[in-house]
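Computed from a predicted structure; not experimentally measured. To find a chain, count down the sequence lines: A is the first, B the second, and so on, and within it residues start at 1.
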There are 2 protein chains.
Amino acid sequence: MKHEPFNESIEMYLKTACELAVGDAPVAISALAGRLGVSAVSATEMVHRLQESGLVDHQPYKGITLTEDGRHQAAAVIRSHRLWECFLVDHLKLPWDEAHEWSCRLEHATDPQVTDALEVYLGYPLTCPHGSPIPTPDGTIVEPADQPLTTLLPGQSAVIARIYPETAELLSYLSDLGLTTGTRIILKERAPFHGPLVLLVGEDIRYLGGEGAAQIFINQVEDAS
Amino acid sequence: MKHEPFNESIEMYLKTACELAVGDAPVAISALAGRLGVSAVSATEMVHRLQESGLVDHQPYKGITLTEDGRHQAAAVIRSHRLWECFLVDHLKLPWDEAHEWSCRLEHATDPQVTDALEVYLGYPLTCPHGSPIPTPDGTIVEPADQPLTTLLPGQSAVIARIYPETAELLSYLSDLGLTTGTRIILKERAPFHGPLVLLVGEDIRYLGGEGAAQIFINQVEDAS
DNA sequence: CTGTATTTTCAGGTTAACCTGATCTTACAG
DNA sequence: CTGTAAGATCAGGTTAACCTGAAAATACAG
Ligand SMILES: [Mn+2]
Ligand SMILES: [Mn+2]
Ligand SMILES: [Mn+2]
Ligand SMILES: [Mn+2]
């Protein structure tokens, strides 16, 4: 009659570690703590616990790397998250930006068998609605071949391929600006020193701060007609 | 960046209280404790907390009743649970018996907006795959017009309308016997004093203990040809 | 090579849900 | 009307995740 508890904390730590990792460089505990909205002391405590469980490898003053086991579990959570996002947006027609937070709860409540069945039902989507790839059942994540919006030159056009990392605030903001995945944009102008970008979205002019631009990735770059 | 916690415990107490209530009779704390797999002391503690929050009304040595607020929240959880069951069984084609446990996790991770969208997507189903009614958004639950299998007389036939209350073990057992909702059965014989029933399911003879029979409800009663 | 900022550890504290064992209270059956 | 089983409380304890404040260790930039 008793089901196993939600391991929301553990799963969020693993997922976040996975998302913050670039290549095989260790992830700083402070980065983890920041992303999770938790004190550095708490994050360190939890990292120790994860180390005990063999999910994480911590070298002091450097950071952590996920073990094979840890990466596996992280991928499972991310997989479930992104598949739910597809379902919420494409099938339930729920808002593109809110789907992210809702999926962040569902991801911890989903049996692997449900995840797999969901993937079949959705027709094996390749990415979530925000452009990030869906991990395979065995835990591999193929890095997408997109480039940062910050590399686009004035006069060029491109299609928004991906928002990463995803945060509720940014998604909501971009949604309001019409800067969702799949949208073609033209870069009119860019202020120097990471200043705001001037973008043409359809007929509309949009101004976008440098911090936001750093989380947008594009492809199909062309010289604007 | 921080989302509110899962209130799994609280929600399970409310849901269970709602499911154990017959009419407006108070539910014994021991019954709650038993169903939730928790000690009586723990259940009492939690009931006090629920009372503080105004979700429950506890008269000592009698039992508890849900307040308006409490019943509302309970109905929301049950609603989400049963809608997920519909989705898992009808759309994802997952097993009828396992869907119950999987939904028991999802029910705590579902935003009301997701629940509502899911209901639309499913086409406003009236019952879950096990025959129990789906609460409306405002929290009302229409009691189905079925009768206990124990009222069926030898020689009569009927259709299984509902399993209630649902437990993983019973659902799995009934699934194996082919005694799922919508199945027409014929009662061949009944041993006295709540003894086993002899049922004809299609071509097959099935023996069913009295405890299981008490959790099966039927309709469309006819005299067998 | 040293100083400072980052990282870690230590100490001590909180909260929600659990637990066992023991001790009241009360409802109600006979 | 009373005894006893069922129900409630009390006492004391555990665990996972959090927290703050302060002290120690280390990396690395200049
Ligand atoms: Mn999450
Ligand atoms: Mn996404
Ligand atoms: Mn549940
Ligand atoms: Mn059901």
Side-chain angles (χ1 to χ4, degrees), chain A residues 1-17 20-22 25-65 70 73-74 77 104-105 107-109, chain B residues 1-17 20-22 25-65 70 73-74 77 104-105 107-109:
Chain A
M1 316 262 153
K2 296 233 59 222
H3 39 135
E4 63 254 42
F6 292 102
N7 290 321
E8 194 197 4
S9 281
I10 289 175
E11 289 176 355
M12 286 305 282
Y13 274 90
L14 295 177
K15 172 184 154 177
T16 305
L20 289 178
V22 278
V27 174
I29 292 186
S30 55
L32 264 187
R35 207 58 78 136
L36 291 168
V38 143
S39 78
V41 176
S42 299
T44 307
E45 258 179 14
M46 178 59 108
V47 162
H48 289 334
R49 246 172 279 145
L50 295 175
Q51 176 125 279
E52 294 304 302
S53 315
L55 295 168
V56 126
D57 195 18
H58 177 218
Q59 49 252 77
Y61 297 96
K62 294 300 184 66
I64 65 168
T65 29
Q73 284 195 220
V77 175
C104 193
R105 311 202 76 214
E107 67 190 354
H108 310 290
Chain B
M1 318 262 154
K2 295 231 61 219
H3 40 133
E4 63 255 42
F6 291 102
N7 290 320
E8 195 196 3
S9 282
I10 290 175
E11 288 178 356
M12 285 304 282
Y13 273 92
L14 295 177
K15 171 184 155 177
T16 306
L20 288 178
V22 278
V27 174
I29 292 186
S30 56
L32 265 186
R35 205 60 73 139
L36 292 168
V38 144
S39 78
V41 176
S42 298
T44 307
E45 259 179 15
M46 178 60 108
V47 162
H48 288 335
R49 247 173 279 147
L50 294 176
Q51 176 125 278
E52 294 304 302
S53 316
L55 295 168
V56 127
D57 195 19
H58 177 217
Q59 49 254 78
Y61 297 97
K62 294 301 183 65
I64 66 168
T65 30
Q73 285 195 218
V77 176
C104 195
R105 311 202 77 213
E107 67 190 354
H108 310 291

query = Rounded to whole angstroms, how far apart are CD1 on A/I64 and C1' on C/dT8?
reply = 14 Å
ask   = Does a side-chain N or O from A/Y13 land closer than 4.0 Å to OP1 or OP2 of D/dA16, or not?
value = no
message = Quick check: on DNA chain D, is the nucleotide nearest A/Y61 upstream (toward 5') of the one nearest A/S9, or the reverse? Name the residue that is more 5'.
response = A/S9
ask   = Please give, in whole Å, the distance from D/dA16 P to A/H48 NE2?
value = 15 Å
query = Do you see a donor-acceptor pair shorter than 3.5 Å between the side chains of B/E11 and B/H108?
reply = yes
message = Measure CG/A/L50 against P/D/dA16 and give the value in whole Å, please.
response = 12 Å
ask   = Taking only N and O in the side chain of A/H58, is any of them less than 4.0 Å away from OP1 or OP2 of C/dT7?
value = no
request  = Name the nucleic acid region contacted by A/F6, choosing base, sugar-phosphate or nothing; use a 4.0 angstrom heavy-atom cut-off, strictly under.
outcome  = nothing
task = Would you mind classifying the nucleic acid contact of B/V41 as base, sugar-phosphate or nothing, using non-hydrogen atoms under 4.0 angstrom?
result = base
query = Roughly how far apart are A/I10 CD1 and A/R49 CZ, rounded to 0.5 Å?
reply = 7.5 Å
inquiry  = Using a 4.0 Å heavy-atom cut-off, does A/S42 contact any base of the nucleic acid, only the sugar-phosphate backbone, or nothing at all?
reply    = base
request  = Could you please name the option among C/dC18, C/dT7, C/dT9 that lies closest to any side-chain atom of B/V38?
outcome  = C/dC18
remark   = Quick note, A/R49 side chain, CB onward, closest among D/dA16, C/dT8, D/dC19 is D/dA16
request  = Please answer whether the main-chain N or O of A/P5 pairs with a side-chain N or O of B/R105 as donor and acceptor at a distance below 3.5 Å.
outcome  = yes
request  = Let me know the distance between CD of B/E4 and P of C/dA16, rounded to the nearest Å.
outcome  = 16 Å
ask   = What is the distance from CG of A/L36 to P of D/dC19, rounded to the nearest Å?
value = 10 Å
inquiry  = Given C/dT8, D/dC19, C/dA17, identify the nucleotide with an atom nearest to the side chain of A/P60.
reply    = C/dT8
task = Go through C/dT8, C/dT7, C/dT20 for me and flag the one nearest to the A/I29 side chain.
result = C/dT8
request  = Report the distance from atom CG of B/L55 to atom P of C/dA16, rounded to the nearest whole Å.
outcome  = 14 Å
ask   = What is the distance from CD of B/E8 to P of D/dA16, rounded to the nearest Å?
value = 17 Å
note = In this structure, CG of B/L55 is separated from CG of B/L50 (nearest 0.5 Å) by 6.0 Å
request  = Can you tell me the distance, in whole Å, between the CG atom of B/L32 and the P atom of D/dA8?
outcome  = 10 Å
query = Got a second to check how far A/L32's CG is from A/M12's CE, nearest 0.5 Å?
reply = 11.0 Å
inquiry  = Nearest heavy atom decides the nucleotide; on that basis, is B/E45 or B/S30 closer to the 5' end of DNA chain D?
reply    = B/S30
